[in-house]
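A short worksheet on the structure shown next.
Chain naming here is simple, since letters A, B, ... match the order of the sequence lines and numbering starts at 1 in each.
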Amino acid sequence: MQLTLEFGGGLELLCESIKIHEVDVSPKSGEDKLIMRDLLGWIKANIIKERPEMFMKGDSVRPGVLVLVNDCDWELSGNLDTTLEEKDVVVFISTLHGG
Amino acid sequence: MQLTLEFGGGLELLCESIKIHEVDVSPKSGEDKLIMRDLLGWIKANIIKERPEMFMKGDSVRPGVLVLVNDCDWELSGNLDTTLEEKDVVVFISTLHGG
Amino acid sequence: NVVIDNGLTPEMIYRYSRHLLLPNFGVEGQSKLSKSSILVVGAGGLGSPVALYLAACGAGCIGIVDSDIVEINNLHRQIIHKEAFVGQAKVKSAADACRSINSLVKLVEHNEALSPTNALEILSKYDIVVDATDNLPSRYMISDCCVLLDKPLVSGAALGLEGQLTVYHHNGGPCYRCLFPTPPPTAACQRCSDSGVLGVVPGVIGCLQALEAIKIASAIGEPLAERMLIFDALSSRIRTVKIRGKSAQCIACGENARFTKETFQCFDYEEFTQSPMSDKTRPKLNL
Amino acid sequence: NVVIDNGLTPEMIYRYSRHLLLPNFGVEGQSKLSKSSILVVGAGGLGSPVALYLAACGAGCIGIVDSDIVEINNLHRQIIHKEAFVGQAKVKSAADACRSINSLVKLVEHNEALSPTNALEILSKYDIVVDATDNLPSRYMISDCCVLLDKPLVSGAALGLEGQLTVYHHNGGPCYRCLFPTPPPTAACQRCSDSGVLGVVPGVIGCLQALEAIKIASAIGEPLAERMLIFDALSSRIRTVKIRGKSAQCIACGENARFTKETFQCFDYEEFTQSPMSDKTRPKLNL
Ligand SMILES: [Zn+2]
Ligand SMILES: [Zn+2]
């Protein structure tokens with residue numbers, strides 16, 4: 001499944017300062033769909049190059065990270081159970097506090 | 001065909017100050033696809049309520065109007081011959097000169 | 001007489017004539033804006049354009065809270081402060097700049113750090129609050145206080161080459177705690193003073209904050225409630241995304257919210273976030 | 001010594017320390033910016049934040065062109081001008097404000113209307129041109145002149161509750177005439193003085209123009225060439241769209257361009273657009 005992953009608010013520093021990643025991710029073997037829970041594991045294994053604890057906590061993202069699937073907060077689509085579709089854009093953004 | 005039409009830069013004044021129009025437009029009878037040329041005629045007949053000369057000139061838009069199909073200048077997709085697809089977003093925007 | 005009914009003097013009609021010509025704003029919008037009072041928390045990179053544009057556009061009363069003094073290394077982004085004010089209180093410098101561009105606006109200088117002990121009293125005097133601070137504990141504190149006092153909160157942030165903007169606790173939308181019930185780890189809390197910021201980035205976000213405050217004050221358009229604007233300066237991309245609504249479980253604004261004015265005044269925001277409200281005590285970075 | 005090689009004095013290193021901390025900007029970005037010269041055409045609603053942020057961020061030299069004087073009914077959006085400067089030249093007022101926030105920047109006051117007879121000479125002294133004007137003939141003229149002199153042009157516009165922004169003649173992208181070979185009908189050419197503008201709207205666009213100029217000057221990020229940013233204040237929506245490339249048929253920048261410095265100097269832009277460069281001669285609207 002072709003997905004666009006974007007990292008912002010400093011999270012790109014965990015993946016070699018690359019903000020946009022065009023990736024191809026398959027559902028877990030035996031599954032017919034890809035959900036966010038699986039995608040997070042895949043990202044942790046394949047995209048995050050350092051300090052994974054700055055990206056995940058337990059099986060979800062760490063506090064202070066917003067997750068957007070097609071410009072919409074994943075809380076509105078099922079959080080970890082959100083089903084992904086071909087060409088979806090998934091954005092991970094760390095909230096900023098500066099001014 | 002479901003389309004979203006948006007008017008900006010003052011063009012919304014020609015259609016009762018409504019910027020976003022969700023519309024259903026069919027290809028011309030005998031045609032199997034809808035192209036921008038036909039859509040312009042449909043808009044002139046159905047959406048534009050006043051001063052049509054501020055929207056069209058000849059069979060195209062008047063000078064100073066940018067046309068965007070899915071956030072991309074129609075000059076890049078064939079201008080009047082651009083083929084529209086289900087759920088396309090077509091934006092008509094008059095260029096501004098103020099400051 | 002419409003003019004008198006709307007509280008606009010001939011002087012105001014002349015000064016704001018470009019606003020009055022706007023069908024979507026007009027006399028009604030200007031009149032509402034001129035009767036509104038807006039508090040800007042922080043007279044720094046975000047607060048500079050917020051205060052200047054609120055003053056220029058004609059907010060009735062602008063309060064500014066900050067306890068910092070102007071430093072030379074603020075000036076790359078804090079355009080409200082002149083070199084001549086280095087060493088003086090930021091609120092005095094900022095209020096002076098606002099007065100010099102619009103003497104019709106009332107300016108109130110709160111030359112103190114906003115804290116749980118004074119926040120309720122200060123915020124209660126205003127209709128709208130703008131969070132233009134630079135640290136996490138202040139953001140939780142201001143949001144909690146706005147929920148307790150039922151004030152809309154225009155919240156902006158900028159760091160590096162990125163910015164974020166949203167409106168909390170407005171039109172039934174979420175508060176800061178609805179989005180962030182748990183604070184992030186300390187290592188994720190970068191500040192401009194540690195990590196840097198391109199000066200014009202808070203300029204963009206601050207102008208957009210002033211716009212949201214003006215829209216709320218004058219009751220025009222759709223404020224950014226339940227939406228967030230995300231700005232990436234390097235690519236010049238700005239997206240406006242849909243965010244979650246109010247959380248029923250939120251301890252500040254949820255159905256069984258247990259936050260009262262009393263708990264607020266005793267809440268230790270620095271302990272909660274493991275992060276200081278002021279960077280005065282931190283070692284300065286040197287290149 | 002890196003510091004000396006980059007032309008940054010200890011004073012600059014302290015002042016711009018938050019820029020130097022930025023991995024994507026750093027010493028190299030600041031050094032390039034500090035050596036750049038940028039011309040701002042128009043010291044009005046757009047020019048105000050452009051000039052202030054270019055000065056704050058540390059552009060080496062900022063030129064400002066305008067022949068207008070400061071009026072009270074400009075001040076709702078032109079935050080660079082203080083009431084004390086009403087009746088004085090806008091360029092003097094603007095340069096004074098820039099100097100007061102950053103004395104390290106060189107400011108050049110061009111207190112005259114830009115016209116085909118002086119544009120080549122004035123623009124040739126700068127690396128980057130910012131179009132912050134308020135009328136159509138000036139936009140064609142500035143674009144043509146930038147093509148002739150091969151300068152990037154950061155072009156912004158604001159009216160009512162909307163704004164637009166793009167970079168012309170940069171990285172092989174189009175010029176103004178590539179997009180608009182034929183001028184629009186006169187009835188489509190609204191001005192802020194006729195139709196109104198919410199003061200903070202040019203603020204947002206002007207900040208974004210300053211950002212694009214800084215990105216070009218310091219060679220960071222992707223400037224808005226072949227792209228246009230479209231801002232709707234009422235809905236807080238900002239889209240960045242892809243626009244056409246350079247047109248082979250363009251009379252200014254195309255393959256067989258017939259525009260020379262000589263034709264430029266004789267070209268009647270007001271006749272071409274059927275629109276005046278200055279609104280001084282127009283009747284003032286009264287409410
Ligand atoms: Zn809440
Ligand atoms: Zn061209």
(message) Heavy-atom pairs under 4.5 Å with chain C - which of Leu11(A), Leu68(A), Thr95(A), Ile93(A) has more of them than the others?
(response) Thr95(A)
(message) For the interface with chain A, which of Met228(C), Glu162(C), Gln78(C), Arg227(C) has the highest count of heavy-atom pairs at distances below 4.5 Å?
(response) Glu162(C)
(message) Whether Lys242(C) and Asp73(A) form a salt bridge (side-chain N of Lys/Arg under 4.0 Å from carboxylate O of Asp/Glu) is what I want to check.
(response) no
(request) Establish, yes or no, whether the cationic atom of Arg177(C) lies under 6.0 Å from the six-membered ring centre of Phe267(C) and within 45° of the ring axis. (result) yes
(request) Look at the rings of Phe180(C) and Tyr176(C) and say which category their plane angle falls in: under 30° parallel, 30 to 60° tilted, over 60° perpendicular. (result) tilted
(request) Using the side chain to side chain contact (heavy atoms under 4.5 Å, CB included) rule, pick out the option among Val69(A), Leu39(A), Val90(A), Val67(A) that qualifies with Thr82(A). (result) Val69(A)
(request) Quick one: which of Gly44(C), Ser48(C), Pro185(C) has the most heavy-atom pairs under 4.5 Å with chain A, could you say? (result) Pro185(C)
(request) Heavy atoms only, distances under 4.5 angstrom: which of Leu136(C), Leu46(C), Leu161(C), Ile205(C) has the most pairs with chain A? Name it, please. (result) Leu136(C)
(message) Need one label for Ile20(A): side chain, backbone, both or neither, based on atoms under 4.5 Å from any heavy atom in chain C.
(response) side chain
(message) Which atoms of Asp131(C) are under 4.5 Å from chain A, going by heavy atoms: the side chain, the backbone, both sets, or neither?
(response) neither
(request) May I ask you to say whether Asp232(C) pairs ionically with Arg239(C), meaning some side-chain N is under 4.0 Å from a carboxylate O? (result) no
(request) Describe, in one word, how the ring planes of Tyr140(C) and Phe272(C) are oriented to each other, choosing from parallel (under 30°), tilted (30 to 60°) and perpendicular (over 60°). (result) perpendicular
(message) Please classify the contact of Ile230(C) with chain A as side chain, backbone, both or neither, using a heavy-atom distance under 4.5 Å.
(response) side chain
(message) Given heavy-atom pairs under 4.5 angstrom as the criterion, report whether the side chain, backbone, both or neither of Arg139(C) touches chain A.
(response) side chain
(message) Tell me which of these, Val91(A), Asn70(A), Leu66(A), has more heavy-atom pairs under 4.5 Å with chain C than the rest.
(response) Leu66(A)
(request) Check whether Thr182(C) gets within reach of chain A through its side chain, its backbone, both or neither, counting any heavy atom under 4.5 Å. (result) both
(message) What's the separation between atom CG in Asp268(C) and atom CD in Gln274(C), rounded to the nearest 0.5 Å?
(response) 9.0 Å
